[in-house]
Amino acid sequence: MTDSALSSNLYAAIQRRRNRGLGGLYMVVAAFLLLYIWLFPGILSLGGFSKFTQNWFPLALVTMAQALLMLNGGITLAVGPLVSLGAVIAATVMGGPAGTAGGILAVAATGLVVGSLTGVIVAYLRLPAIIVTLAGSFIITGIALLILPRPGGFVPAWFSDLLAGDRPVAFFLLILVLVAWKLFLATPTGLGIYAAGDNPVGAYHSGVPVEKVKVAAFAISGLLAVLAGLFVAAQTGSGDPVIGNPFTLNSIAGAVLGGVGFLGGKGTMRGAVCGSLLLSVMINVMFFLGFPPVAQYVAQGLIIVGAVAIPELTARWRKK
């Protein structure tokens, strides 16, 4: 067998492992989508589809931010505060001399810097990511409150109309993000994220710069989170220092529903995005079915537990 054929077979085996369980996820998502269309046919219109994707887009971004670290063997509890920080920076800077472009650059730079600093602490000081990001969530929330103590600020109307108007701009932005992730995954750093998450010792002995890869994962995760905050600011037309709080747990839920494992190296980004879609559709379906808020939380919890338990039980059954 030639080297190219060997590489092709290895790639196919890796893809089969990564895609394991996604078929069932796709069918569940399709069923919920059909139910949602039946309950709310307006989603098939351009305006309805645009509004749905606008509500889904920030959740998809934060789920990708969370999944990126979970694939690398970590987790972050600072996703929600970073969303809030991105929103308040956008609403504060865009109303000043720097304008919209300056606001976008300030938001992106903040996400990269905060994410990189967190990654350096986790990677080089060997501290648990969950503890570092928990502490970071309080610090980031405090900074967001210092910048904007209460909801306010300014986001240009044309910018809000562009991102959150009657056109499905959010859907096309999500496609661009997924294409960018696919291209990044072909780079040594992208491959190193999976390798270091699956087997950090083996990856290190294979020449993967494990610490640098971890810092890069945190930096990109921070960037995705603050960009979600930028989009939320465009939706609301202002900044809110606590608007991102629900995104932390929802990002974990979306990643878990998408089949991303907590121990690293297991799962795919398309699965995570699909999990965020399932979570978003599920919330909308329960709303249209008249579920009270308490019942919605209970149902979400049960579905997430089932999503985690069923693949594990199936794997044990196959081994037996």
Side-chain angles (χ1 to χ4, degrees), residues 40 42-65 79-115 140 143-181 183 219-247 250-251 273 276-277 280 283-284:
F40 180 58
I43 192 178
L44 298 177
S45 67
L46 181 62
F49 179 73
S50 299
K51 294 302 178 185
F52 172 75
T53 53
Q54 287 161 18
N55 292 328
W56 170 38
F57 182 65
L59 178 59
L61 284 186
V62 296
T63 301
M64 292 181 71
V79 164
L82 279 171
V83 172
S84 299
L85 184 61
V88 299
I89 289 176
T92 303
V93 177
M94 286 183 178
T100 305
I104 295 172
L105 290 175
V107 169
T110 299
L112 288 172
V113 169
V114 173
I140 294 167
I143 294 172
L145 287 167
L146 285 174
I147 295 173
L148 203 62
R150 60 186 62 84
F154 170 78
V155 176
W158 69 266
F159 187 68
S160 293
D161 290 338
L162 175 65
L163 296 184
D166 295 327
R167 297 176 297 275
V169 174
F171 179 72
F172 294 112
L173 288 176
L174 181 58
I175 291 176
L176 287 177
V177 173
L178 289 172
V179 170
W181 166 254
L183 295 175
I220 299 171
S221 176
L223 175 63
L224 290 172
V226 293
L227 289 179
L230 172 66
F231 188 86
V232 170
Q235 278 184 305
T236 59
S238 63
D240 188 332
V242 295
I243 199 169
N245 288 349
F247 283 106
N250 283 342
S251 68
V273 173
S276 71
L277 175 59
S280 183
I283 292 171
N284 286 324

### Query
If you draw a 6.0 Å radius around CG in Asp161, do more than 12 non-hydrogen atoms from other residues or ligands fall strictly inside?
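Enclosed: over 12 neighbouring heavy atoms sit under 6.0 Å from CG of Asp161.
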Where is the tightest heavy-atom contact between [X] and [Y], given as atom of each residue plus distance?
| X | Y | value |
| --- | --- | --- |
| Val107 | Val226 | O-CG2, 3.3 Å |
| Arg167 | Leu162 | NH2-CA, 4.1 Å |
| Thr100 | Pro156 | OG1-CG, 3.3 Å |
| Leu85 | Thr110 | CD2-CG2, 3.6 Å |
| Ala225 | Ala65 | N-CB, 4.3 Å |
| Ala87 | Ile243 | CB-CG2, 4.4 Å |

### Query
Which pairs pass ring-ring contact (aromatic ring centres under 6.0 Å, His included) with one or both residues in residues 147-174, sequence neighbours excluded?
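Matches after skipping sequence neighbours: Phe49-Phe171.
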Mind checking the [atom1]-[atom2] spacing from [X] to [Y]? Nearest 0.5 Å is all I need.
| X | Y | atom1 | atom2 | value |
| --- | --- | --- | --- | --- |
| Ser50 | Leu163 | OG | CG | 12.0 Å |
| Ser221 | Leu82 | OG | CG | 7.5 Å |
| Ile89 | Met94 | CD1 | CE | 11.0 Å |
| Leu112 | Leu223 | CG | CG | 4.5 Å |

### Leu59 and Val62, any side-chain heavy atoms less than 4.5 Å apart
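They are in side-chain contact.
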### Task
Could you tell me whether the side chain of Val177 reaches within less than 4.5 Å of the side chain of Leu227, counting heavy atoms only?
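In short, these two side chains do not touch, never coming nearer than 4.5 Å.
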### Message
Working note: Val273 + Trp56, criterion side chain to side chain contact (heavy atoms under 4.5 Å, CB included); need CA distance, chi angles, decisive distance, verdict.
### Response
CA-CA 10 Å; Val273 173; Trp56 170 38; 3.8 Å; yes
### Message
Given 3.5 Å as the limit, does a donor-acceptor pair link the side chain of Ser280 with the main chain of Ser276, or not?
### Response
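No; zero donor-acceptor contacts below 3.5 Å.
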### Partners passing side chain to side chain contact (heavy atoms under 4.5 Å, CB included) against Ala170 (at least two apart in sequence or in another chain)
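For Ala170 the side chain to side chain contact (heavy atoms under 4.5 Å, CB included) partners, ignoring immediate neighbours, are Thr53, Gln54, Phe57, Phe231.
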### Query
side chain to side chain contact (heavy atoms under 4.5 Å, CB included) between Leu46 and Asp166: does it pass, once the steps are laid out?
CA-CA 7 Å; Leu46 181 62; Asp166 295 327; over 6 Å; no
